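Just so we're clear, the structure is a prediction, and the values are computed from it rather than from any experiment. Ligands are counted one by one from 1 in listed order, and the atoms in each one are counted from 1 as well.
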Amino acid sequence: MSSLIPGQTVAKHDNRNSCWIIVHGKVYDVTDFLDEHPGGSKIILKYAGKDATEAYEPIHPPDAIQNNLPIEKHIGAVDPNTVVKIIKEVTEEDKRRQVLMDARPPLDEILNLHDFEETVLPAKAWAYYSSASDDEITIRENRAAFQRVWFRPRILRDVTSVDWSTTILGCKSSLPVYISATALGKLGHPDGELNLTRAAAKHGVIQMIPTLASCSFDEIVDAAQPGQYLFLQLYVNRDREITKKYVQHAEKRGVKALFITVDAPQLGRREKDMRMKFVDDGAGAKVQEGQSDVKKDQGVARAISSFIDPSLSWKDIPWFRSITNMHIILKGVATPEDAILAYESGCQGIVLSNHGGRQLDTSRSGLENLIDIVAALKAKGPWPNPNFAVFVDGGVRRASDVLKAIALGASAVGVGRGFLYAFSSYGQEGVERAIEILRDEFEMNMRLIGARNISEIVPEMVDASALRSHASLTPADNLYNTTYQPLSLAAFRNA
Ligand code: 173
């Protein structure tokens, strides 16, 4: 066994010509990697010769450095007794957050999913999570679309007992809702995605694990209870061997379905997130000074997404089928043409999604696309089709939103940000509270529309005639509008 490296030795490698950093107790020589770092070299140099774990952790998959840095650059384990503890400076932003955390409403006063969105989040997390692409038209349309669908409730049906549980891709679920994948959970809460795993276990909800989780895949699966159902969201790597290993490992560990993201060959420009770079303490400040080594047009997400393969195509689907027996679902389908291609290529389902408004701005909502897509699928095969599921996500905050999607043909609905905000502000308990709120809303709404179980929610229970009318007037969505922060223009200096 090689001996431990003294912190003093590491500290000598504190510059561009020789740059070592410590991450999770291991020493790495990143000198040759400096110029390749997607987030720029300045941010690494800030930690040259020091422990970078705290800065590294929330925005890198845990094994990123082991997997990407050549093995000869792995110097060894540091002697923990010799590392100068970096006392994290308490910033104004940390103080602001603490004040907000202390002033949070108690959980029992949180009455709906919007309540979780009041910005208790660190500014960086909020910018990354809440942002959407370009003018953020689609993210707002995702909510507005639900408001253009109206209920046609049925009465006098003895709704003493109502049951909103269902089966999603063969997996029992206490809600017709699954937790959709969102990246970088530790930006919002130190336990990251594990908050979701633990809450999902307690309440019989299915979690979709993101490829770019802050926790490692195995940490998440290890935190799950025996028999707990998990899905996996997949970003496909340019190196297919990496993807193959990842997918097969997931299958071995019991994941039931693979949701391949197909709407992100390049990440959308999320300007709130990009602007955050300019106020960041590290790399961002340097950008302001006009240094060129940080790619200015990158927010957090773009900086870590360079492995995603834009050449992914329909030709790859048989390959996925050949490497796994998991259900294969395409996440990010928006047209009947592609829905039919997915069906004919042997997938087990699709998610009608615009990636929470974070990809192609002014793309239509999943809910609106559902109408044409269901019509096209009906013309092709049995409906509902037990072998082909149609999911919707984007803008879901209420059980009534979910019921509308189900009435129009969705099997279940994904909620991403709603749960993300819940754990960012309140940890696991927040997620549990969010699930309870949805459960209460399902109970009430099912009774009020006259459906005793999911199969009684039928198209006739909604009037979607206004859904296609993007100009129709709807009452203002006050809760959403209150937490929505308008985009802003570039800031003047010292103005
Ligand atoms: O929407 C996203 O931010 C996202 O999907 C993503 C993609 C790559 C890296 C991080 C997040």
Side-chain angles (χ1 to χ4, degrees), residues 37-40 43 56-65 67-68 121-122 124-134 136-139 142 179-188 192-193 196 207-217 220 231-239 242-243 246 258-277 295 297-310 312 329-334 351-361 363 366 393-396 414-421 424:
H37 184 231
I43 187 71
Y56 170 93
E57 194 166 42
I59 54 173
H60 297 83
D63 40 11
I65 199 160
N67 293 346
N68 293 311
L121 284 110
K124 238 193 252 176
W126 175 253
Y128 169 61
Y129 292 162
S130 72
S131 58
S133 52
D134 294 4
E136 301 200 336
I137 306 290
T138 288
I139 189 176
N142 282 349
I179 300 172
S180 197
T182 49
L184 303 181
K186 284 190 186 172
L187 285 181
E193 297 79 13
L196 298 168
Q207 176 188 14
M208 187 196 298
I209 303 174
T211 295
L212 289 162
S214 297
C215 301
S216 75
F217 172 84
I220 297 174
F231 298 155
L232 177 67
Q233 175 268 337
L234 183 72
Y235 274 122
V236 179
N237 200 300
R238 290 168 200 267
D239 180 344
I242 293 178
T243 290
Y246 186 57
L258 187 64
F259 286 68
I260 305 174
T261 295
V262 292
D263 60 7
Q266 172 174 350
L267 276 212
R269 288 164 52 91
R270 295 92 184 243
E271 295 179 9
K272 283 175 183 157
D273 188 35
M274 290 158 75
R275 284 201 199 289
M276 200 33 122
K277 261 243 162 336
K295 297 171 187 90
D297 63 344
Q298 298 198 350
V300 168
R302 284 189 139 206
I304 62 169
S305 62
S306 48
F307 73 91
I308 299 172
D309 189 353
L312 187 68
I329 315 298
L330 302 187
K331 177 171 177 287
V333 170
V351 186
L352 313 190
S353 171
N354 50 43
H355 209 116
R358 293 159 77 81
Q359 289 299 107
L360 181 64
D361 198 26
S363 45
D393 70 24
V396 176
V415 174
R417 285 193 186 88
F419 291 122
L420 179 63
Y421 293 139
S424 295

task = Please check if the side chain of Asp309 supplies one atom and the backbone of Val236 the other of a donor-acceptor pair under 3.5 Å.
result = no
key: Cation-aromatic face contact Arg275/Tyr128, 6.0 Å, 45 degrees   = no
remark   = Quick note on ligand 1: atoms under 4.0 Å from a heavy atom of Ala183 include exactly 10 (C), 11 (C)
message = List ligand 1 atoms under 4.0 Å from Tyr128, heavy atoms only on the residue side.
response = 2 (C), 3 (O), 6 (C), 10 (C), 11 (C)
query = Does the Ser353 side chain pair with the main chain of Asp393, one donor and one acceptor, at a distance under 3.5 Å?
reply = no
query = Is it the side chain (CB and beyond), the backbone, both or neither of Leu267 that lies under 4.0 Å from ligand 1, heavy atoms counted?
reply = side chain
request  = Say whether, by atom type as modelled, one donor and one acceptor occur between the side chain of Thr243 and the main chain of Asn237 under 3.5 angstrom.
outcome  = yes
ask   = Which of the numbered atoms in ligand 1 are below 4.0 angstrom from a heavy atom of Ser305?
value = 8 (C), 9 (C)
message = Donor-acceptor check, side chain of Glu193 to backbone of Ser214, threshold 3.5 angstrom: yes or no?
response = yes
ask   = If you look at every heavy atom in Tyr129 and Gly188, which pair is closest and at what distance?
value = OH-N, 3.1 Å
remark   = ligand 1 atoms nearer than 4.0 angstrom to some heavy atom of Tyr235 are 4 (C), 5 (O), 6 (C), 7 (C)
key: Residue Arg270 vicinity, atoms of ligand 1 by number, heavy atom under 4.0 Å   = 1 (O), 2 (C), 3 (O)
Minimum non-hydrogen distance to atom 3 (O) of ligand 1, winning option of Gln233, Arg358, Gln359, His355 = Arg358
remark   = Nearest heavy atom to atom 8 (C) of ligand 1, choosing from Thr261, Thr182, Leu212, belongs to Leu212
